[in-house]
Structure formats: structure tokens, C-alpha cells
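Working notes for the structure below.
Not measured: the values here are computed from a predicted model. Only this structure's heavy atoms are used, side chains among them; waters, hydrogens and symmetry mates stay out. Numbered from 1 within each chain, the chains take letters A, B, ... in sequence-line order.
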Amino acid sequence: MADQLPSRSENFSEWYNTIVQRADLADYGAAKGTMIIKPYGYALWENIQTYLDKRFKKHGAKNAFFPTFIPLSYIQREKEHVEGFTPNLWLVASGGGETLEEPYAVRPTSETTINMTVRNWIHSYRDLPLLLNLWNSCFRYELRTRLFLRTSEFLWQEGHTFHASWDEANEYALAILTDAYLDFYANAAAMPSLAGRKSEKEKFPGADITYTLEQMMGDGRALQGCTAHNLGHNFAKSFDIRYLDRGNELQYAATASWGLSTRAIGAILMTHGDDKGLLMPPRIAPTQIVIVPIFGKHADPAPVLAAAKQLARELADYRVEIDARDDKSPGFKFNDWEMRGVPLRIEIGPKDIEKNQVVLARRDTGEKKFVSNAELLAQVAQTLDSIHDTLYARAKKFQDDHTFSVDTYAEFQARTAGEGGAGFLMAHWCGNRECETAIQQETKATIRCIPFVQTKEAGKCIRCDGASQERVVFAKAY
RNA sequence: CGGGGCGUGGCGCAGUCCGGUAGCGCGCUUGGUUUGGGACCAUGAGGCCGGAGGUUCGAAUCCUCUCGCCCCGACCA
């Protein structure tokens with residue numbers, strides 16, 4: 001009897017920490033705060049990459065690579081940017097035993113090094129837009145780390161784009177947010193998102209506007225699933241990126257940047273799943289279907305194994321694994337793959353072979369049914385789609401059930417009291433940073449975003465009674 | 001950097017108070033019986049007890065120093 005998992009409903013945080021390691025997604029690295037992504041976890045990342053990469057390219061972005069080491073003076077060039085990132089910066093002080101004349105920053109993000117380079121690539125409006133994307137890792141010094149959610153080094157993509165005007169940069173950032181990220185979360189990860197923009201306090205250092213998708217995790221905490229920034233002319237001015245427009249006038253370019261990291265894996269894990277373990281969304285699941293051959297009593301295992309392999313060939317369009325381990329019982333395998341979150345299981349034994357059928361078992365509902373070989377392909381396709389829809393619907397319902405309109409600070413404090421998440425709290429806010437900071441200090445809740453979609457209504461700030469024209473979303477966040 | 005806890009086979013732990021040369025569960029090896037919801041019997045392998053120094057005839061155990069990790073707080077783009 002294997003150890004029981006911690007209960008997801010009763011101890012969410014322990015459940016997460018245990019499942020990430022037990023499902024072989026990731027492990028701790030030797031250096032403090034670093035993460036080893038194991039094959040099962042990396043396969044999930046590769047599926048995320050494949051999905052997103054296509055959409056970025058559809059929007060004209062081209063992949064490139066920029067160095068990990070960045071001269072410190074580059075980072076220091078944009079005022080807000082350096083202030084924002086200094087607490088998280090790793091520096092390389094020596095190389096080859098020699099102290100460096102100027103330390104290198106280990107990229108916390110590539111805005112500066114990209115801008116220093118691209119300023120020489122752009123001379124004319126004909127060079128715009130310039131649309132780059134990098135798949136790499138970045139490094140941020142962190143005091144408290146958690147696998148996938150916050151580590152000292154993590155994988156991500158960072159897009160950096162250069163445009164002729166502020167509006168064009170803005171449109172591009174929004175296009176990526178909705179056509180790439182929102183689409184990915186909804187149609188690949190089976191996750192609803194709350195789209196909006198960040199408050200001044202929460203936005204990216206150096207951005208004019210930061211757009212975000214906020215998702216609700218299974219414990220009612222919020223997680224920022226990605227960001228897209230309209231950097232306006234800030235970096236172009238700091239790095240002197242100018243071009244000649246059609247009227248032969250020198251203009252500053254406008255820039256945007258946008259990113260999604262391996263934190264998305266954490267988001268997927270914390271959105272789906274139950275007390276049995278993980279539940280991978282079918283379209284990006286590392287293994288979509290596991291075939292468990294049942295070797296019957298006193299029967300020859302060879303025909304069963306052969307039938308399982310034949311099944312796998314028929315299902316070649318899917319990511320399929322056959323669990324032919326002969327030292328594990330079927331019951332153990334069922335539990336094992338359920339813990340790992342494989343959405344669909346096919347059981348095949350001697351009795352099924354006689355009857356030209358298999359057993360289809362879905363991870364989300366636990367439902368098991370016999371399916372004839374003739375109907376198998378259609379049933380598999382339909383069931384995987386149905387699991388995706390079920391996961392999305394569940395997550396949406398959970399988000400809706402944990403979204404509250406809050407009109408008094410007393411209720412706000414009551415909802416944010418205690419250890420766990422508080423859901424999304426839609427409340428009026430005067431727009432002042434002082435109030436925002438005070439609310440955070442008093443309740444641990446932060447403004448996650450100012451949603452794009454909401455009914456405009458006048459109201460009073462939850463804390464100071466100041467005038468407000470729209471609600472913002474507060475939550476306790478990861 | 002404060003406050004608390006912990007370092008003992010791959011993993012989880014007991015043993016530490018009352019010093020006598022290391023044990024349990026899981027996993028792993030091999031053989032056999034099993035296999036439709038977490039199988040069983042037998043067998044075997046595996047440990048500088050985080051590190052250094054000290055006390056002692058003798059240290060996982062007592063003393064001193066040191067290194068590392070975890071939790072809470074501070075920090076978090």
C-alpha cells in the first residue's frame with residue numbers, strides 16, 4: 001500500500017508540494033531555490049511551447065537567442081527598471097579566476113540587452129515592426145521558493161517587439177494577451193482567465209501599461225498566468241531607439257514585451273486535480289492515454305501485450321503509453337496513472353480480446369465503459385474533448401463561486417482573514433497607491449487587475465470612501 | 001537578518017534524555033506464486049549517523065565549534 005497523498009481539499013499547499021515530486025514532474029536542484037524539471041514535467045512544458053510558439057509566429061514573431069550575461073550598466077539604463085530588479089539580481093563578479101572590471105548581471109529579463117542591440121537594427125519605418133521572441137531561462141534571486149511557482153532560475157518565453165507608435169505597441173501586446181495566452185489557457189490548459197491591466201503599483205518596472213491574465217487556483221488564491229506590457233517610449237528613450245518616419249522625421253520607437261513561464265505549469269496543476277492527484281488537461285497532457293494490459297489468471301500474457309501494442313498503433317495520433325510492467329498489479333497501475341493525471345486509460349484483458357472491446361476509463365469523472373474496437377477511435381476523440389470541456393467548466397464554476405462583490409471594508413477583512421485564499425474580491429478603489437498599500441498590509445490582498453470587462457458603476461473606495469468609477473479585483477496571490 | 005525545527009541506507013522515520021559499536025517501514029535485487037482498483041512468501045544488497053575538534057576504555061548519543069536544509073516573519077516584477 002503506497003502512502004496516501006495529502007488531501008487537496010484539506011491541505012492544498014502540502015498536496016501541491018507532494019504531488020509535484022511524486023508525479024515525477026520536478027525536484028529541487030543542488031543550488032538553493034533551483035529546480036530540476038524531470039522528463040514528465042518537461043514534456044508538459046514542450047507541449048505548452050509547441051502550442052504557444054505557433055501562435056506567436058502567426059502574429060509575426062520570430063525566435064532568437066540573446067546572452068544570459070548582461071553588462072550591469074545595461075540594466076541600470078532605465079530608471080524604474082533598475083529599481084525594480086535590483087533586489088532580484090544575480091551578479092557574476094569574476095571569470096577565469098579574474099575579477100571582472102564590470103560585473104555581469106545574469107538576465108532577470110532581456111529588455112535591456114535586447115534594446116542595446118536592436119537600436120542598431122532600426123533606422124527607418126521600413127525596419128518596423130520588429131518582432132522577436134526568446135525561449136530561454138531567467139534568474140531572479142528569491143528568498144522563498146516553490147517548485148514551478150517561484151524559483152531562482154525558471155524557463156519562459158519573453159517576446160520583445162518594436163513598433164512605430166504607442167498605439168501599435170499597445171495593440172500588439174493586447175493581441176498576444178488574447179490570441180496567444182488567453183487562447184492557450186482556455187483551449188489547451190482548460191482554464192478560464194480574468195483579463196485586465198495592473199495597477200501602477202503592480203505593473204512591470206518601466207512599463208506604461210501591464211496587461212495580465214489572472215487565474216484562480218484550487219485554494220482560492222490568485223495566480224498571474226502571464227503578462228504583456230506596453231512599454232511605450234520608455235525603453236526607446238533610455239536606449240535611444242529612433243527611426244525616420246515617412247516624412248523623414250526622427251521618431252522614437254515604441255516597444256512591448258510579453259511573457260509566460262513555467263509558472264504556467266504550477267497554474268495548471270493547482271487548477272485541476274483532486275485528492276487522487278493531478279489531472280492533466282488532455283490537449284497538452286504529456287501522456288494522453290495509458291494502456292494497461294491485464295494479464296489474466298494462468299493465461300499467456302503474450303497475446304494481451306500484442307493486443308495492447310496494436311491498440312497503441314491505432315492510436316498513433318495521440319501520446320500513448322503502454323504500462324507493461326510485470327511486477328505491478330493492475331490496481332497499482334490505475335492509481336499510479338491517476339496520481340500522474342493521465343486523462344484517459346484503456347484497459348485490455350483476455351476477456352476483452354475475445355469480445356473485440358476495451359474498457360475506457362476517464363480520469364475526471366472516474367467513469368468506466370466498454371467500447372467496441374470499431375467505435376474506439378471516435379470514442380477516444382470524443383472522450384478527450386469531453387474531459388477538456390469538463391475541466392474548463394469545473395474551473396469556471398469554481399472561479400464564479402469564489403468571486404464576490406464586496407462593498408464594505410468589514411466584509412473585505414472578514415473574507416481575507418485566515419490562512420487560505422479569499423477568491424476574487426470585486427471592490428471599489430479610489431486609485432491611490434496609499435490605499436492600495438494599506439489594504440495589502442492590513443489584509444494581505446493585492447490588486448490583481450482592473451478587469452477589461454465589467455459594468456461601469458460609480459462607488460466608494462472600500463477603504464477611504466473616495467470616489468471610484470469601476471471595481472478592481474483583489475485577491476491573495478501566489 | 002529575527003523566531004522555531006531538523007540533519008541517521010534511495011525515501012520516510014526510530015534510537016539521543018539514561019554512552020556499549022545501528023534498527024523499522026517503503027523502495028531496490030533474486031526466485032516463486034500472483035494480476036479486471038494500491039498482491040504475497042522467501043532471499044539478498046545497501047549506512048564515513050551533515051562536518052571538525054574535544055571528553056571517555058568506548059560517542060549517532062555528552063561538550064564546543066561549524067556547514068546545510070525546512071517552517072514562520074521580513075522581501076517578491
(message) So, using side-chain hydrogen bond (donor to acceptor under 3.5 Å, both in side chains) as the criterion, who are the partners of A:R415 when residues are at least two apart?
(response) A:E411

(message) So, using side-chain hydrogen bond (donor to acceptor under 3.5 Å, both in side chains) as the criterion, who are the partners of A:N115 when residues are at least two apart?
(response) none

(message) Please list all pairs meeting side-chain hydrogen bond (donor to acceptor under 3.5 Å, both in side chains) that have one or both residues in residues 261-278 of chain A, counting only residues at least two apart or in different chains.
(response) A:D274-A:R363

(request) Could you give the distance separating B:rA60 and B:rU21 at their C1' atoms, to the nearest angstrom? (result) 10 Å

(request) Between B:rU29 and B:rU43, how far apart are the C1' atoms? Round to whole Å, please. (result) 9 Å

(message) Applying ring pair (Phe, Tyr, Trp, His ring centres under 6.0 Å), can you list everything that pairs with A:F412, at least two apart in sequence or on another chain?
(response) A:Y409, A:F474

(request) Kindly state whether the ring of A:W258 and the ring of A:Y211 have centres lying under 6.0 angstrom apart. (result) no

Would you list the protein and nucleotides 42-45 of chain B atom pairs, both N or O, that sit under 3.5 Å from each other?
none

[X]: side-chain contact (heavy atoms from CB on, under 4.5 Å) partners, not counting sequence neighbours:
X	answer
A:Q357	A:D352, A:K355, A:F370
A:A438	A:E442, A:R463
A:S94	none
A:D240	A:R119, A:R242, A:Y252

Between the protein and nucleotides 75-77 of chain B, list the N/O to N/O atom pairs that are separated by less than 3.5 angstrom.
residue	atom	partner	partner atom	Å
B:rC76	O2	A:R150	NE	3.0
B:rC76	O2	A:R150	NH1	3.0
B:rC76	O2	A:R150	NH2	2.9
B:rA77	O2'	A:R140	NH1	2.9
B:rA77	N7	A:G84	O	3.2
B:rA77	N3	A:K203	O	3.4
B:rA77	N3	A:P205	N	3.1

(request) Determine: side-chain N/O of A:K444 to OP1/OP2 of B:rA74, distance under 4.0 Å, yes or no. (result) yes

(request) Any salt bridge (charged side-chain N to carboxylate O under 4.0 Å, His left out) involving residues 305-315 of chain A? Give me the pairs, sequence neighbours left out, ordered by first then second residue. (result) none

(request) Scan residues 259-278 of chain A against RNA chain B and write down, sorted by residue number, each residue with any heavy atom closer than 4.0 Å; if none is found, say none. (result) none

